[in-house]
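Step one of this worksheet: look at the structure below.
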Amino acid sequence: MKYYDKLIFELSKPGRTGYSLPAPESSSVSSIDANLLRASAPQLPEVSEIDVVRHYTNLSQMNFGVDTGFYPLGSCTMKYNPKINEEIASLPSFLGLHPLQPDDTVSGAKAVYEGLDSALAAITGMRHFTFLPCAGAHGELTGLMIIRSYHMSRGDTRRTKIIVPDSAHGTNPASAAVCGLEIVEVKSNADGLVDVNDLKPLLDDTIAGIMMTNPNTLGLFERDIKEIARLVHEAGGLLYYDGANMNPLVGTVRPGDMGFDVMHLNLHKTFSTPHGGGGPGSGPVGVCEKLVPFLGVRVSGFHGNFSVILRAYTYILMLGRQNVKMVGPLATLNANYIKESLKDKYKLPIPSVCKHEFVYDGLIDDGAREGVPGATTLDVAKRLLDFGFHAPTIYFPLLFHQALMIEPTETESKETIDEFIEVMRRIADEAAENPDILHQAPHNAPITRPDETTAARNPILRYQA
């Protein structure tokens, strides 16, 4: 029997139990408000301990993570989380802290915040950071609130628009809308970079600023960033840096030096703390000198995700000043190595040197013949699962119809990357010769191609016998 083939409720048998507790001293519920009492007992599974252990152990093995295999998820930087990070975050002196403790009992935790603030300021060129935001998008919202507060403090109430490139992460316009800003789109040019000529007419006294990530979502460095910064600043706007793509810049280039005024970092990406599955996360926001007075905006209770902050600080201290400088160049090297190794099999719409990630636009030969459909990006992604690799990001960015976005990170060895390249070449050959192999993939997974849209829109959240 495969323990993941059934729900835990389906393993249930009346009378079975996996625990032993002493009988309660009193069965009275008179002290509980009647409105809080159930009308009937909850329907809980009755299973032995061994069945519970096997069931959830098998379920855990169905999951994919960076600890189990290569995870080249473009635009999301799924880098390895060193176990020393976990050891430090699990120290009883940190683990047992309570956010309401008196300040004089948490001097160690305060030193962590101060130390990480200094380290991130040095790495990014910002002046100070707040660690309240609990995720990247939360950081975006916080940064935009700071931008609005800055303009309002100067009586500049007309500045209610934010410029967002057409290649931006989807959270950028969403965060701006939540902040009450109107989104103005700036187009990309043929090279995949912000079109400065398209930007110029957009700049007037209604513009609060521009949101950018550099390198951008195509993995390309915005060569005109100094000119963009000059134009936006002369128009009275500010520059917001989306730190999702900071990984290739660590130790090499600083957003503050490019002219950015405010930024967020994803500690759960760039600084190796675990992420995925909805958390945990941390999106600290850094600002330049003139925005420091606006850094006190409260966007969460207490002091953010302290355990994630601990892991990030540990990661930086373990690397040290010299080894931090290797992060960006190695991430860039790995990405360009894969890009050049596969460009004879996959369409490369923008051939320039990339940074941490790059985008293919499907297969050069997808096997399409008269009456035979070709293999798609989705088929490539599904086939990769048969070889133990997580799929890259697919169908994003929206600039390309069959986008396949790959980011290897600096933590992967050449041997792992070579194996990935070999598998990608094999899949391309299969697509050209017999695309049905890809159409039916994955061939050895517990589930193959679920109806993900229906599952998301109409989730079944309760067991029904």
Any salt bridge between [X] and [Y], counting N to O under 4.0 Å?
X    : Y    : result
R383 : D386 : yes
R159 : D156 : yes
D344 : R425 : yes

- Task: Give the C-alpha distance, both sets of side-chain angles, the deciding distance and a yes or no for salt bridge (charged side-chain N to carboxylate O under 4.0 Å, His left out) between K110 and E114.
- Result: CA-CA 6 Å; K110 290 167 67 177; E114 292 166 2; 5.8 Å; no
Under 3.5 Å donor-acceptor, [X] side chain and [Y] backbone:
X    : Y    : answer
N305 : V308 : no
T273 : H268 : yes
N189 : L193 : yes
H356 : P215 : no
S175 : T171 : yes
S107 : D104 : no

- Give the C-alpha distance, both sets of side-chain angles, the deciding distance and a yes or no for salt bridge (charged side-chain N to carboxylate O under 4.0 Å, His left out) between K161 and D205. CA-CA 9 Å; K161 298 178 182 178; D205 62 359; over 6 Å; no
Taking atom types as modelled and ignoring hydrogens, do the side chains of [X] and [Y] form a donor-acceptor contact shorter than 3.5 angstrom?
X    : Y    : value
H401 : D361 : no
Q101 : T105 : yes
N216 : S167 : no
S307 : R311 : yes
Y80  : D67  : no
K339 : Y346 : no
T409 : N247 : no
K355 : N245 : no

- Message: Tell me if the centroids of the rings in F260 and Y240 come within less than 6.0 Å of each other.
- Response: no
- Worked verdict on L378 versus I394 for side chain to side chain contact (heavy atoms under 4.5 Å, CB included): CA-CA 7 Å; L378 175 63; I394 61 174; 3.9 Å; yes
Considering only heavy atoms from C-beta outward, does the side chain of [X] approach that of [Y] to under 4.5 Å?
X    : Y    : result
I210 : Y241 : no
V184 : I162 : no
H233 : D261 : yes
T157 : M152 : yes
I309 : V112 : yes
L384 : M424 : yes
V194 : E222 : yes
T332 : E410 : no

Would you name the heavy atoms of [X] and [Y] that are closest together and state the gap between them?
X    : Y    : value
A432 : D365 : CB-OD2, 3.4 Å
A335 : E357 : CB-N, 4.0 Å
A235 : L203 : CB-CB, 3.9 Å
K382 : T448 : NZ-O, 3.3 Å
P392 : M405 : CB-O, 3.0 Å
M126 : P255 : CE-C, 4.4 Å

Once you round to the nearest 0.5 Å, how far does [atom1] of [X] lie from [atom2] of [Y]?
X    : Y    : atom1 : atom2 : value
T393 : E407 : OG1   : CD    : 8.5 Å
L291 : H128 : CG    : NE2   : 12.5 Å
T416 : E412 : OG1   : CD    : 5.5 Å
E430 : I437 : CD    : CD1   : 4.5 Å
L91  : E86  : CG    : CD    : 11.5 Å
D379 : L438 : CG    : CG    : 5.5 Å

- Message: Using 30° and 60° as the class boundaries, would you call the ring planes of F396 and H169 parallel, tilted or perpendicular?
- Response: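 Aromatic pair F396/H169 classed parallel.
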- Have a look at Y113 and tell me which of F131, F302, Y313 forms a ring-ring contact (aromatic ring centres under 6.0 Å, His included) with it. F131
Among residues at least two apart in sequence or on other chains, which ones pass side-chain contact (heavy atoms from CB on, under 4.5 Å) with [X]?
X    : result
A391 : A381
A109 : L97, V106, F306
Q61  : T57, N58

More than 12 heavy atoms of other residues, nucleotides or ligands under 6.0 Å from [atom1] of [X]: is that the case?
X    : atom1 : value
K187 : NZ    : no
R223 : CZ    : no
R298 : CZ    : yes
R254 : CZ    : yes
K83  : NZ    : yes
E422 : CD    : no

- Task: Could you tell me which residues satisfy ring-ring contact (aromatic ring centres under 6.0 Å, His included) with Y71, sequence neighbours excluded, listed by chain and number?
- Result: F64, H390
- Quick one: list whatever passes ring-ring contact (aromatic ring centres under 6.0 Å, His included) with F358, sequence neighbours left out. Y360
Got a list of side-chain donor-acceptor pairs under 3.5 Å for residues 318-330, not counting sequence neighbours?
{"from": "N323", "atom 1": "ND2", "to": "L319", "atom 2": "O", "distance (Å)": "3.1"}

- Query: Would D166 and S188 satisfy side chain to side chain donor-acceptor pair (under 3.5 Å), going step by step from the backbone distance to the final call?
  - Reply: CA-CA 7 Å; D166 58 4; S188 298; 2.5 Å; yes
- Item | Step-by-step side chain to side chain contact (heavy atoms under 4.5 Å, CB included) determination, L238 to V262 | CA-CA 8 Å; L238 298 178; V262 56; 5.5 Å; no
